[in-house]
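The next block holds one structure in the form of structure tokens; read it before the comments.
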Amino acid sequence: MSSGKSNKLNPTQADAVAHTDGPLLVLAGAGSGKTRIITERISYLIGEKNINPSNILAVTFTNKAANEMKERIHRLIGDRYKGLWIGTFHSVSLRILKREIKNLTGFKQDFVIYDEGDQIKLIKECMSRLNIGERTLEPRSVRSKIDSAKNKGLTPEQIESHTYNDRIAKIYDLYEKELRKLNALDFADLLYVTTNLFEEKPEILRKYQDLFHYILVDEYQDTNHMQYKIIELLSRKHRNVFVVGDDNQSIYGWRGADITNILNFERDFKDARVIKLERNYRSTKTILKAANELILKNKNRHDKNLWTEKQEGEKLSYYEARDERDEARHVVSEIENEISSSGRSYKDIAVFFRTNNQSRIIEEEFLRRNLPYTIVGGVGFYQRAEIKDVLAFLKVIANPLDNISLGRIINVPPRGIGKGTVDKLDEIARREGISLFDSIERVLNDKALPARATKNLERFFKMLSELIEMAQGVEIGKLLDKVLQKTGYLDLLEKEEERRENVGEILNLAAEFEKAEENATLHDFLDWVSLSSDVDRFNDKDDRVALLTLHSAKGLEFPVIFIIGMEENLIPHFNSTKNGEVEEERRLLYVGLTRAKEKVYLTGASRRRVFGKEERPVPSRFIAELPKELLVWNNHHGSRITKTRNTEYTDRRRYGSVSSRRKNKAATSNGKGYRAGQIIEHPMFGEGVIKRVEGTGGSAKITVSFPGRGTKKIIASYLERK
DNA sequence: CTGGACAAGCTTTTT
DNA sequence: GCTTGTCCAG
């Protein structure tokens with residue numbers, strides 16, 4: 001990313017930056033200064049060409065990329081950039097919709113955004129209403145089918161007439177109607193409805209066509225059809241589309257990204273120029289050669305050959321571990337090596353994996369050896385139950401029509417409104433065609449429920465009404481505070497350190513948001529949260545090793561990288577080999593390799609537990625596709641590093657059997673060790689039995705079952721041994 | 001209505 | 001193996 005150290009642009013780069021009018025495709029190989037081209041060009045347009053920043057639209061793939069660009073442009077031209085339209089496709093669309101959606105019938109301006117979880121809940125509801133069992137059709141796959149239809153701009157009727165299952169079309173149809181009723185838009189809607197708006201209201205389209213004299217798109221290879229459509233529509237008047245991308249890094253096909261957008265750019269935009277940036281400023285010759293060689297195996301690509309002036313550099317290392325534990329241990333010991341003998345810092349190093357669940361075992365090993373790390377993504381911050389709960393409260397306050405969120409929190413924390421009551425409310429809401437929220441009021445007026453339920457419901461309704469009233473005019477942080485208190489959510493978390501911290505984090509986010517955005521409303525905050533991702537929160541200033549998926553690694557760079565799980569069925573992933581998507585998997589690995597500046601470590605295991613079953617994986621076909629002479633091959637029998645061998649020997653004994661391993665864990669962690677089955681005492685909960693131990697020492701997370709009080713996750717230092 | 005025990009299911013990647 | 005959903009006793 002920061003390849004812009006060399007202060008002068010090379011001739012090709014300069015050519016792209018100063019390109020005059022008309023469509024231009026910049027095919028920018030990995031590490032060729034892609035971000036720099038865009039930021040320099042925007043600065044050039046504003047600074048040299050005196051273009052008004054509000055006439056420029058720049059679209060990126062992640063919020064992080066957008067923020068980085070903003071910062072860089074600021075550095076180049078100071079405050080003159082203000083007014084520039086910059087953001088992700090989703091956030092730009094949202095901004096347009098917030099202004100214009102009232103012009104479309106059936107939509108309201110104060111809509112909320114539904115994430116994947118909300119979608120699935122709603123789809124389940126639709127399915128049950130259509131009497132379609134979850135066994136015959138998986139809600140998850142229905143969701144992705146609906147999503148991909150929307151990403152292609154297809155209506156329920158259109159997919160019905162296609163080869164699609166007509167049941168999907170029926171669910172899709174009902175789902176859409178429900179979304180409108182709930183006053184909600186899902187992710188795909190943000191793009192889909194924007195295109196519809198442009199197509200149905202030519203005068204609105206014209207307004208934005210007039211506005212955007214210059215349009216720039218980053219990561220063009222990852223655009224889907226709707227995104228293409230938006231760009232195509234908006235650029236019809238001025239025709240100044242400047243897109244930057246690398247077809248070799250297209251890795252979001254599964255999410256509807258359409259690689260033909262970049263492959264057919266010259267066909268879609270007449271008189272388009274194409275500039276290729278083939279000089280890489282990031283990686284050593286060796287790394288680049290390996291990556292080039294690998295990607296050559298793909299057929300579907302623009303021709304492009306990356307080169308560099310950097311030195312040869314070290315060969316890639318490939319280690320075939322005994323099992324996933326040995327793999328983790330190898331990674332950790334190589335990292336320790338890099339730190340002690342090569343003088344690197346933790347933040348110079350990253351570990352990539354194909355699937356999130358691979359991170360757990362690495363994390364355990366890091367904890368054991370006390371290496372600082374951050375996990376980017378994973379069980380995402382925004383996916384955590386407590387965060388979703390808190391946000392659901394806010395969503396209901398912002399939009400009482402939101403049945404899905406209301407359903408989530410109506411009995412959280414438990415307040416005596418059980419399934420029976422909720423079912424009743426649902427029934428009334430459906431029969432009367434009103435929202436769940438309104439049905440509560442109805443029920444209370446009609447006194448249609450048993451006394452106890454009525455009382456509980458009344459209390460809840462009163463509380464919610466008060467909060468809704470309060471929400472007017474009060475700061476988001478304050479409101480959040482009140483919500484936590486009044487709903488009793490804070491009490492619920494009293495003993496849950498980690499969850500409380502997470503809730504604290506959302507309070508921080510609210511405060512930060514309010515500082516950054518003047519006069520921000522609750523709606524603005526919720527929108528912002530909906531469009532934020534965990535990668536956006538990744539902060540590369542802390543001195544920690546980064547643990548992340550290959551997908552989230554895109555756009556980043558590190559001196560040293562590890563790619564673990566180099567096995568068939570992992571990369572290429574099982575699902576891709578079936579679906580003929582191996583080329584995308586190869587690109588994914590290509591993305592991973594080209595993140596490295598100096599050194600690449602690849603690892604795989606010859607045994608691995610998958611779904612709790614012992615498997616014997618085969619090395620990834622991609623290993624064989626890398627030039628042999630650039631790989632240093634090692635396995636766990638090898639004698640390359642005596643240190644590795646020693647740890648392995650002791651570890652084999654240590655992990656020989658579950659029981660000996662547990663004993664050992666308890667015995668080794670200097671008196672603070674815990675193991676499952678042990679009886680402990682907690683100052684609040686009293687005696688309990690340990691169910692699970694994660695990590696070691698005082699900071700270990702211990703899952704304990706307390707008779708009569710449930711299972712809790714507790715930090716070890718809060719416990720007493722019995 | 002609540003909590004706990006148990007079973008079933010599932011795991012690709014994310015704006 | 002872990003998380004989610006379901007069923008049952010209190």
Side-chain angles (χ1 to χ4, degrees), chain A residues 59-66 87-94 113-117 120 124 134-135 138-141 144 147 151 186-191 219 222-224 226-227 250-257 324 352-358 360-361 376-380 382-383 385 411 413-422 450 452-453 456 527 529-536 548-554 565 569-579 581 584-585 587-589 591-592 608-614 658 691-692 694 703 705-711:
Chain A
V59 198
T60 61
F61 191 67
T62 63
N63 299 297
K64 189 167 182 279
T88 61
F89 270 101
H90 290 85
S91 68
V92 168
S93 303
L94 174 70
I113 300 169
Y114 269 16
D115 67 13
E116 197 176 324
I120 287 179
K124 279 186 182 165
E134 284 178 26
R135 251 147 302 252
E138 248 179 293
R140 279 177 62 98
S141 80
S144 87
D147 231 41
N151 282 333
D186 63 23
F187 277 117
D189 275 338
L190 292 174
L191 309 171
E219 312 274 18
D222 284 323
T223 50
N224 64 33
M226 283 298 96
Q227 293 166 330
S250 162
I251 54 174
Y252 286 102
W254 53 274
R255 209 172 69 189
E324 66 267 45
F352 303 154
F353 32 81
R354 175 69 237 263
T355 62
N356 270 311
N357 57 15
Q358 291 172 261
R360 226 194 76 235
I361 202 126
V376 184
V379 182
Y382 292 107
Q383 307 300 317
N411 200 30
R415 52 173 69 88
I417 306 176
K419 196 172 174 304
T421 311
V422 176
R452 202 157 79 209
N456 293 334
D527 291 343
V529 166
S530 301
L531 296 183
S532 297
S533 74
D534 293 286
V535 187
D536 298 332
L548 60 170
T549 63
L550 285 162
H551 280 88
S552 17
K554 197 179 70 172
N569 292 336
L570 227 38
I571 183 159
H573 192 271
F574 179 63
N575 294 337
S576 326
T577 53
K578 279 191 313 192
N579 304 326
E581 291 155 2
E584 181 153 316
E585 296 290 302
R587 291 194 291 267
L588 191 54
L589 181 59
V591 167
R608 181 182 297 275
R609 280 192 165 274
V610 186
F611 304 147
K613 273 226 315 266
E614 184 97 345
V658 176
K691 293 271 181 190
R692 216 165 92 87
E694 293 161 278
T703 311
S705 166
F706 296 98
R709 321 197 69 155
T711 357

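- Residues A:Glu585 and A:Arg354 meet the side-chain proximity criterion, which asks for heavy atoms closer than 4.5 Å.
- Here C:dG5 is the nucleotide among C:dG5, B:dT15, B:dT13 with the atom lying nearest to any side-chain atom of A:Lys124.
- Note on A:Phe89: nothing from the nucleic acid sits closer than 4.0 angstrom, heavy atoms only.
- Between A:Ile120 and A:Pro139 the shortest heavy-atom distance is CG2-CB, 4.3 Å.
- Neither OP1 nor OP2 of B:dT12 sits under 4.0 Å from any side-chain N or O of A:Thr549.
- Residues passing the side-chain contact (heavy atoms from CB on, under 4.5 Å) test with A:Asn569 are A:Phe574, sequence neighbours excluded.
- Candidate nucleotides C:dG1, B:dT13, C:dG5 were compared by shortest atom distance to the side chain of A:Trp254, and B:dT13 ranks first.
- Relative to the side chain of A:Asn356, the nucleotides B:dT13, C:dG1, B:dT11 differ in distance, and B:dT13 lies closest.
- Within 4.0 Å of A:Arg415, counting heavy atoms only, lie sugar-phosphate atoms of the nucleic acid but no base atom.
- Remark: C1' of B:dT13 and CD of A:Glu116 are 11 Å apart, rounded to the nearest angstrom.
- With sequence neighbours left out, A:Ser91 forms a side chain to side chain donor-acceptor pair (under 3.5 Å) with A:Thr88.
- For A:Arg354 against B:dT13, a side-chain N or O and a base N or O form a donor-acceptor pair under 3.5 Å.
- Nucleotide B:dT15 holds its C1' atom 13 Å from the CD1 atom of A:Ile251, rounded to whole Å.
- The separation of B:dT12 from C:dG5, taken at their C1' atoms, amounts to 23 Å, rounded to a whole angstrom.
- At whole-Å resolution of the value, CZ in A:Phe61 and C1' in B:dT14 are 7 Å apart.
- Across B:dT14, B:dT2, B:dT15, the shortest atom-to-atom separation from the side chain of A:Phe187 is found for B:dT15.
- Looking at heavy-atom distances under 4.0 Å, A:Phe574 makes no contact with the nucleic acid at all.
- Residue A:Asn569 contributes atom CG, which lies 15 Å from atom P of B:dT13 at whole-angstrom precision.
- Ranking B:dT11, B:dT2, C:dC2 by closeness to the A:Pro414 side chain, first place goes to B:dT2.
- As a whole-Å value, the separation of A:Gln358 CD from C:dC2 C1' is 16 Å.
- Salt bridge A:Lys554/A:Glu219: present, at least one basic N to carboxylate O contact under 4.0 Å.
- With the nearest nucleotide of DNA chain B identified for both A:Glu584 and A:Val422, A:Val422 has the one nearer the 5' end.
- Sequence order on DNA chain B of the closest nucleotides to A:Glu585 and A:Asn411 puts A:Asn411 first from the 5' end.
- If you measure from atom CG of A:Leu589 to atom C1' of B:dT12, you get 15 Å, rounded to the nearest angstrom.
- The aromatic ring of A:His551 does not sit over the base of B:dT13, since the test of centres under 5.5 Å and planes under 30° is not met.
- Taking each heavy atom of A:Asn151 and A:Ala188 in turn, the nearest pair found is OD1-CB, 3.9 Å.
- In this structure, A:Arg360 atom CZ and C:dT3 atom P are separated by 8 Å, rounded to whole Å.
- Within 4.0 Å (heavy atoms only), A:Thr421 reaches sugar-phosphate atoms of the nucleic acid but no base atom.
- Between A:Glu324 atom CD and C:dG1 atom C1' the separation is 11 Å, expressed in whole Å.
- Of the candidates B:dT13, B:dT11, B:dT15, the closest approach to any side-chain atom of A:Arg255 belongs to B:dT15.
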